[in-house]
**Q** 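Below you will find the structure I want to go over with you.
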Amino acid sequence: PPGRCCAKTCCRINPSIDKENPKVVHAMDTSDLGNESAFCRCWRSKKFPYCDGTHNKHNETTGDNVGPLVITVKKS
Ligand code: FES
């Protein structure tokens with residue numbers, strides 16, 4: 001039915017990152033971020049949780065439109 005997962009690997013958002021873990025979680029301190037950080041939301045980056053640009057290939061291949069979360073830290 002529409003909206004329900006078929007439980008097949010092709011339907012999973014995360015195809016390969018830390019699959020041995022039941023839940024992938026990253027915690028970061030904002031003081032450790034540089035002036036700008038881009039975090040992967042396509043789950044295909046080789047530098048996960050950081051974006052490495054792989055989303056561009058994913059979008060071209062699938063017609064998807066995903067991109068990173070970009071965080072800019074303002075230094076006072
Ligand atoms: Fe995943 Fe850029 S590589 S959002």
Side-chain angles (χ1 to χ4, degrees):
R4 293 196 57 198
C5 182
C6 64
K8 293 180 181 175
T9 302
C10 63
C11 295
R12 294 179 185 166
I13 293 170
N14 177 8
S16 61
I17 296 169
D18 292 341
K19 296 307 280 186
E20 67 278 10
N21 291 327
K23 184 187 297 182
V24 180
V25 176
H26 292 91
M28 296 190 183
D29 190 309
T30 54
S31 65
D32 293 334
L33 297 177
N35 288 345
E36 185 172 297
S37 298
F39 290 90
C40 178
R41 296 192 299 176
C42 75
W43 288 82
R44 283 154 179 82
S45 173
K46 300 243 182 316
K47 298 181 355 183
F48 197 87
Y50 297 100
C51 172
D52 69 355
T54 301
H55 60 268
N56 292 310
K57 183 178 181 190
H58 168 74
N59 289 344
E60 289 172 14
T61 303
T62 64
D64 211 344
N65 65 344
V66 295
L69 166 66
V70 178
I71 295 179
T72 302
V73 177
K74 294 181 180 175
K75 305 286 184 189
S76 55

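Whatever order the structure lists ligands and atoms in, that order sets their numbers, starting from 1. Numbers here simply count residues along the sequence, with the first being 1. Hydrogens, waters and symmetry mates play no part in the numbers below; they use all other heavy atoms, side chains included.
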**Q** Below 4.5 Å, heavy atoms only, C-beta onward: do Arg12 and Trp43 meet side chain to side chain?
**A**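 Not in contact.
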
**Q** Quick one: side-chain hydrogen bond (donor to acceptor under 3.5 Å, both in side chains) pairs with a partner in residues 30-40, sequence neighbours left out?
**A**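 Listed once each, the pairs are Asp29-Ser31.
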
**Q** Give me the other members of the hydrophobic cluster that Ile71 sits in, counting Ile, Leu, Val, Met, Phe, Trp and Tyr linked by side-chain heavy atoms under 4.5 Å, directly or via other members.
**A**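 Taking Ile, Leu, Val, Met, Phe, Trp and Tyr as members, Ile71 shares its hydrophobic cluster with Met28, Leu33, Phe39, Tyr50, Leu69, Val73.
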
**Q** Looking at Asn59, is its backbone amide N or carbonyl O close enough to the side chain of Asn65 to form a donor-acceptor pair, meaning the two atoms are under 3.5 Å apart?
**A**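 Not at all, since once roles are kept as given, no pair shorter than 3.5 Å links the two residues.
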
**Q** Taking only residues two or more places apart in sequence or in another chain, which ones pass side-chain hydrogen bond (donor to acceptor under 3.5 Å, both in side chains) with Thr54?
**A**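 Here the qualifying residues are Asp52.
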
**Q** Identify which protein N/O/S atoms are less than 2.8 Å from atom 2 (Fe) of ligand 1.
**A**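 Within the sphere that stays under 2.8 Å of atom 2 (Fe) of ligand 1, the protein atoms of type N, O or S are Cys51 SG, His55 ND1.
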
**Q** What heavy-atom pair brings Cys40 and Arg44 nearest, and what distance separates the two atoms?
**A**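 Heavy atoms of Cys40 and Arg44 come nearest at SG-N, 3.8 Å.
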
